[in-house]
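Counting convention: from 1, in listed order, for ligands and their atoms alike. The figures here come from the full heavy-atom set of this structure, side chains too, leaving out hydrogens, waters and symmetry mates.
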Amino acid sequence: MTKYVELDVRSEIGEIEGVILHTPGSEVENMTPENAERALYSDILNLSVAQKEYKQLSGSLNEITQTYQVKELLANILKDDKVKEIVINKVCKIEPDLAIKGNTYCIKDTLLDQTAEDLASLLIEGVTLTRDNLTKFLSKERYAMRPLHNFFFTRDASMSLGDEVLIGKMANAVRDRESLIMQAIFDYTPGFKAKTVNPIDNPNMDPNCMIEGGDVLIAREDILIIGNGTRTTTQGIDFILAQLLSQKEEKPRHILVQELPAHPESFIHLDMVFTLLDKDKCMVYEPLIIRPNKYQTVHITIQNGKVVNIRNENNLLQALKKLGMELKPIYCGGTKEPWNQEREQWHSGANFFAVGPGKVVGYARNIYTMEEMNKNGFEIIPADHVISHKVNLADYEKYVITLEGSELPRGGGGARCMTMPIRRKAVNW
Ligand SMILES: NC(=[NH2+])NCCC[C@H](N)C(=O)O
């Protein structure tokens, strides 16, 4: 690592100055139809195609900003034997079978014996079960320690909020090790300056507390928009609320909560139905965000360490407008056919990652969404043209860099889900 980075993220759209990625590896293929659901997948990805598409994301982001890879960051901190021991002990705390001597899955000593690089790979890709006794031979499990199938969605297990990093309290145990790794990276990487906040360190944490980064959007320095659904519970949002209250700021701050449907699974996070694109534009899945429906929008105002108001709003856009943020919605799947809206939302068509105001990354396959973006002044630029320097991004005021996206969306997310920003420039509102 070359320079010292102070974490600082106070919007969704400020010019990006650093982002954490994880290139998908063998962990995304290592599942069977039987356990794909347990892995939180609707299908099994083809790794070579997924990696080719992923290169479009990482390659174009490399042209724009400093990128970091989880595996390299992890290997780097594990070089310190003390950190290595702390990390392994923490992993064994959340996956106790790994440390119980005589237990089928006990591999703690094997983990301790690894070099930093190998350990980093094993912690992400998993450790297969050595079938050296009858129980292990007959076991239906392939892994002693399971792969982290979802880690290329780096958005979810940790989130930058100002100069702090909130560690995700994952809804599913299969993703818990991701949070642990991200916290270790922020706590021990000498080149990062960031304070981590982890709900599980709070002795009074509500057992129902769940928070994932796909649900937490920073609209403006004083406005958080948080999805409430299968991945982030009301208790999780109350944890964030309590954090903000403890800062006792004089200036009012706002949390807008958007309730999400539990089905289909493409509604898992708020960023699958709503993302910010520019100072005055956002991407919406219209049936949920704009059209009247039973899913509530709640506005919480806090000031001087107190909740001064909590009320229902008609919808997210109206609530934002009252706070002085008037956003023009661009429709995922176009304006005409609910059929196309549904299809493109399913393929993460609403999930855009902003590298600056009016400069975003998304999937090319969602052609009706792209048509709408184009109508709204965004130039459509294939990632390959950025990587091969066929275009100069500085020539465009507003653009979408497009990733092919036939394989990656089958993992259940898009460009925003695959990026964990750690630093953005202030927005000149
Ligand atoms: N921020 C997001 N929308 N992330 C998508 C994560 C998808 C992943 N398969 C999961 O179920 O956890």
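Of the protein's non-hydrogen atoms, the one nearest atom 10 (C) of ligand 1 is Arg231 NH2, 3.4 Å. Ranking the protein heavy atoms by distance from atom 7 (C) of ligand 1 puts Gly412 O, 3.5 Å first. For atom 1 (N) of ligand 1, the closest non-hydrogen atom on the protein side is Asp156 OD1, 2.8 Å. Counting protein heavy atoms only, atom 8 (C) of ligand 1 is closest to Asn150 OD1, 3.1 Å.
For Tyr363 and Phe352, the gap between ring centers reaches or exceeds 6.0 Å. A distance below 6.0 Å separates the ring centres of His22 and Phe151. Aromatic rings of Tyr331 and Tyr285 (six-membered ring for Trp) have centroids beyond the 6.0 Å cut-off, not under it. Between Tyr399 and Phe378, the gap from one ring centroid to the other reaches at least 6.0 Å.
The main-chain N or O of Pro421 is found under 3.5 Å from a side-chain atom of Ser160 such that the two form a donor-acceptor pair. Side chain of Gln258 to backbone of Ile289: no donor-acceptor contact under 3.5 angstrom is found. Counting only distance, with no hydrogens or angles, the side chain of Arg416 and the backbone of Arg155 share no donor-acceptor pair below 3.5 Å.
Here Ile268 has side-chain heavy atoms under 4.0 Å from ligand 1, and that is the only part of it that gets that close. Looking at Leu40 against ligand 1, both its backbone and its side chain come within 4.0 Å, counting heavy atoms.
Taking each of Met170, Arg175, Glu212, Glu265 in turn, the one with a heavy atom nearest to atom 12 (O) of ligand 1 proves to be Arg175.
In this structure, the side chains of Pro329 and Ile290 come closer than 4.5 Å at one or more pairs of heavy atoms.
Of all atoms in ligand 1, listed by their number and element, those nearer than 4.0 Å to a heavy atom of Asp271 are 1 (N), 2 (C), 3 (N). Atoms of ligand 1 found under 4.0 Å from any heavy atom of Met272 (numbered from 1 in listed order, with element): 3 (N).
A side-chain N or O of Thr23 and one of Gln69 form a donor-acceptor pair less than 3.5 Å apart.
Checked by distance only, ligand 1 and His269 come closer than 3.5 Å through their nitrogen or oxygen atoms. Where the criterion is an N or O separation shorter than 3.5 Å, residue side chain and backbone included, Asn351 fails it with respect to ligand 1. Considering backbone and side-chain atoms alike, Phe153 places every N or O at 3.5 Å or more from each N or O of ligand 1.
Between Tyr41 and ligand 1 there is no heavy-atom distance shorter than 4.0 Å.
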